[in-house]
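Below is one structure, written out as structure tokens; comments come after it.
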Amino acid sequence: MIANSLVSYGIKFMKALVWEQGKKIALREQSNPTIKSENDVVVKIKYTGICGTDLQVIKGNETIVPDIIMGHEAVGEIIEKGKNVGEYKIGDMVIIDPNQYCCDCDNCKKGITNFCTGWNGGLKIAGINVDGTFAEYFLCNKRYLYKVPKEMSLEAAVLIEPMACVLNNLRAADIKEHESVLVIGSGPMGALCQMIARNNAGLVVAAENSDYRRKECYKFCDYIFRSDELNIDLIKEINNGHLFDVIIDTVGNQMENALTLCEKGGRIIPMGMNKIYSCNLKPYQLISMGIKLVGASEYNMLFHDTIQAARRFSELGSIVTRKYSITDYLNAFNDVLGYDVESGKTKEITQMKAVFEF
């Protein structure tokens with residue numbers, strides 16, 4: 001049984017941001033999603049965040065399937081559900097897991113759902129290879145929904161997806177309480193890395209070239225510098241004569257710098273997604289210095305843990321600095337990219353985390 005059907009209200013179309021064949025973003029009217037199975041749920045999106053992956057698509061450093069709705073970080077309200085969705089009720093606020101693992105492939109059965117191969121050899125990801133959340137409504141299986149705790153703000157809830165990515169990578173980094181951490185990049189993912197790592201590490205340092213983002217992130221770390229200020233002498237001065245034990249690259253093109261600044265026995269965690277970046281790597285350097293490169297990929301069924309962990313960070317929602325209407329999408333992208341999407345002209349970054357609000 002379907003409750004509060006959009007069709008019953010005469011609502012047939014929704015506004016959505018689509019990645020077109022010509023490699024550009026367009027605001028379109030799309031048909032509303034409809035319940036297809038007894039486990040389906042339709043969510044009316046409240047907030048959906050602009051992710052670094054979305055920005056890499058715009059920059060040409062990441063590819064997605066054309067003519068799909070973009071977006072994958074979202075929180076919203078259940079407005080329709082299939083007859084087998086008893087654990088949720090109409091009106092529940094939920095966080096959406098966009099990584100739609102199959103549960104049946106070998107990797108899913110081994111418990112590594114982030115490496116699911118059940119959908120054309122890969123993972124079905126909202127906003128990447130199937131329709132996403134830059135839209136008024138979103139359809140998914142109940143398996144990929146998590147209730148928003150009553151005490152959690154929706155601004156914090158919309159950050160659970162990126163925070164889960166960060167937790168997965170920080171777990172892989174295995175940071176000890178006496179260790180020093182460098183986070184390269186202080187966008188939303190970098191800010192989350194700094195905020196959480198400071199809870200575990202002895203020293204957290206950030207690198208960021210945007211004046212705006214350095215001002216926003218100073219509260220999440222012990223020191224924050226421009227990338228050209230970070231030299232070995234400065235690092236040793238603030239870190240008791242040592243380089244960094246853990247380096248997290250949230251930019252996606254800083255491997256050479258990371259190798260230069262990493263202490264013997266340290267770990268480098270590449271997090272930023274950039275398919276076109278490559279670097280020269282000498283295995284001897286890793287062997288002789290005992291440096292580990294740790295690729296952790298995206299989160300693996302970490303939403304429950306992330307929601308629990310988020311309770312400890314009262315400042316989480318403050319990372320969302322502005323909410324935009326979907327019709328104001330160009331300004332939203334321009335403000336977080338640091339250049340004009342249409343003209344390509346450079347401009348100042350003026351927002352940390354931008355979300356679309358419906």
For the pair Glu357 and Lys46, evaluate salt bridge (charged side-chain N to carboxylate O under 4.0 Å, His left out) and give the outcome as yes or no after the intermediate values.
-> CA-CA 6 Å; Glu357 178 179 23; Lys46 175 61 176 175; 3.6 Å; yes

Cluster overlap Phe356 with Ile128, hydrophobic side-chain contacts below 4.5 Å = yes

Has the side chain of Asp328 got a donor or acceptor atom that lies under 3.5 Å from a matching backbone atom of Tyr324?
-> no

Rounded distance [0.5 Å steps], SG in Cys165 versus CD in Glu298 = 5.5 Å

Under a single-linkage definition using a 4.5 Å side-chain heavy-atom cutoff for Ile, Leu, Val, Met, Phe, Trp and Tyr, are Leu27 and Ile50 assigned to the same hydrophobic cluster?
-> yes

Would you check if the side chain of Asp131 reaches a backbone N or O of Ala126 as a donor-acceptor pair within less than 3.5 Å?
-> no

Before accepting this row, confirm whether a basic side-chain N of the pair Asp305/Arg171 lies closer than 4.0 Å to the acidic partner's carboxylate O.
-> yes

Treat each ILVMFWY residue as a node, draw an edge where side-chain heavy atoms are under 4.5 Å apart, and state whether Ile184 and Val204 are in one component.
-> no

Any chance you could lay out the side chain to side chain contact (heavy atoms under 4.5 Å, CB included) test for Leu286 and Leu259, step after step, and finish with the verdict?
-> CA-CA 9 Å; Leu286 303 181; Leu259 286 166; 3.9 Å; yes

Side chain to side chain contact (heavy atoms under 4.5 Å, CB included) between Ile95 and Glu161, intermediate numbers included = CA-CA 8 Å; Ile95 300 161; Glu161 194 273 348; 5.7 Å; no

Heavy-atom closest contact (Val75 atom, Ala157 atom, distance) | CG2-CB, 3.9 Å

Would you check if Leu316 and Met195 make a side-chain contact, meaning some heavy-atom pair closer than 4.5 Å?
-> yes

Under 4.5 Å between any side-chain heavy atoms of Val246 and Ser180, yes or no?
-> no

Are the side chain of Glu208 and the backbone N or O of Ser210 linked by a donor-acceptor pair below 3.5 Å?
-> yes

Give a yes or no on whether a salt bridge exists between Lys109 and Asp106, defined as a side-chain N under 4.0 angstrom from a carboxylate O.
-> no

Considering the options Glu216, Lys353, Glu155, Gln351, which one meets the side-chain hydrogen bond (donor to acceptor under 3.5 Å, both in side chains) requirement together with Thr321?
-> Gln351

Exercise: identify the closest heavy-atom pair between Gly127 and Ile64 | O-CD1, 3.8 Å

Nearest heavy-atom neighbours spanning Arg214 and Asn209 | NH1-O, 3.2 Å

Between Glu315 and Lys219, is there a salt bridge with N-O shorter than 4.0 Å?
-> no

Do His72 and Thr53 have side-chain heavy atoms sitting under 4.5 Å apart?
-> yes

Compare all side-chain heavy atoms of Val41 with those of Asn141 and state whether any distance is below 4.5 angstrom.
-> no

For residues 13-25, run the donor-acceptor check on the side chains, cut-off 3.5 Å, and write out each pair with its distance to 0.1 Å, sequence neighbours left out.
from, atom 1, to, atom 2, distance (Å)
Glu20, OE2, Arg28, NE, 3.4
Glu20, OE2, Arg28, NH2, 3.4
Gln21, NE2, Asp67, OD2, 3.4

Determine whether Phe225 and Tyr218 fall in the same hydrophobic cluster, where Ile, Leu, Val, Met, Phe, Trp and Tyr are linked whenever their side-chain heavy atoms lie under 4.5 Å apart.
-> no

What closest approach, in Å, do Asp54 and Gly49 show between heavy atoms, and which atom pair accounts for it?
-> OD2-O, 3.9 Å

Counting only N and O atoms by type, is there a donor-acceptor contact under 3.5 Å from the side chain of Tyr88 to the main-chain atoms of Leu145?
-> yes

Could you give the distance from CD1 (Ile125) to CG (Asn99), rounded to the nearest 0.5 Å?
-> 5.0 Å

Under 3.5 Å: donor-acceptor pair, side chain of Asn168, backbone of Ala164 | no

Side chains of residues 266-281: which donor-acceptor partners sit under 3.5 Å, not counting sequence neighbours?
from, atom 1, to, atom 2, distance (Å)
Arg267, NE, Ala173, O, 3.1
Arg267, NH1, Glu179, OE2, 2.8
Arg267, NH2, Ala173, O, 2.9
Arg267, NH2, Asp174, O, 2.9
Arg267, NH2, Glu179, OE1, 2.8
Arg267, NH2, Glu179, OE2, 3.4
Asn274, OD1, Ile276, N, 3.2
Asn274, OD1, Tyr277, N, 3.3
Lys275, NZ, Glu62, OE2, 3.1
Lys275, NZ, Thr63, OG1, 3.4
Tyr277, OH, Met255, N, 3.3
Tyr277, OH, Glu256, OE1, 2.3

For the ring pair Phe134 and Tyr329, is the centre-to-centre distance below 6.0 Å?
-> no

Lys/Arg-Asp/Glu bridge criterion (N-O < 4.0 Å) met for Lys347, Asp340 | no

Begin from the C-alpha positions of Phe358 and Thr133 and carry the test side chain to side chain contact (heavy atoms under 4.5 Å, CB included) through to its verdict.
-> CA-CA 11 Å; Phe358 292 98; Thr133 60; over 6 Å; no

Can you find a pair of side-chain heavy atoms, one from Leu167 and one from Tyr299, that are under 4.5 Å apart?
-> no

Counting N and O atoms only, with roles assigned by atom type, does the side chain of Tyr223 sit under 3.5 Å from a partner on the main chain of Leu203, one being a donor and the other an acceptor?
-> no

Just wondering, do Ile349 and Asp335 contact through their side chains at under 4.5 Å, heavy atoms?
-> no

Is any side-chain heavy atom of Asn129 less than 4.5 Å from a side-chain heavy atom of Trp119?
-> yes

Which heavy atom in Pro33 sits nearest to a heavy atom in Leu139, and how many Å separate them?
-> CB-CB, 3.6 Å

Linked, directly or transitively: Leu159 and Leu170 (ILVMFWY side chains, under 4.5 Å) = yes

Taking every non-hydrogen atom, the tightest pair across Cys217 and Gln194 | CB-OE1, 3.5 Å

Give the C-alpha distance, both sets of side-chain angles, the deciding distance and a yes or no for side-chain hydrogen bond (donor to acceptor under 3.5 Å, both in side chains) between Asp40 and Ser37.
-> CA-CA 5 Å; Asp40 279 351; Ser37 84; 3.3 Å; yes

Taking side chain as C-beta onward, heavy atoms only, is Lys236 less than 4.5 Å from Leu243?
-> yes

Using ring-ring contact (aromatic ring centres under 6.0 Å, His included) as the criterion, point out the one residue from Phe138, Tyr101, Phe303 that pairs with Tyr144.
-> Tyr101

Salt bridge Lys142-Glu87, side-chain N to carboxylate O under 4.0 Å = yes

Asn61 and Gln56: side chain donor to acceptor below 3.5 Å | yes

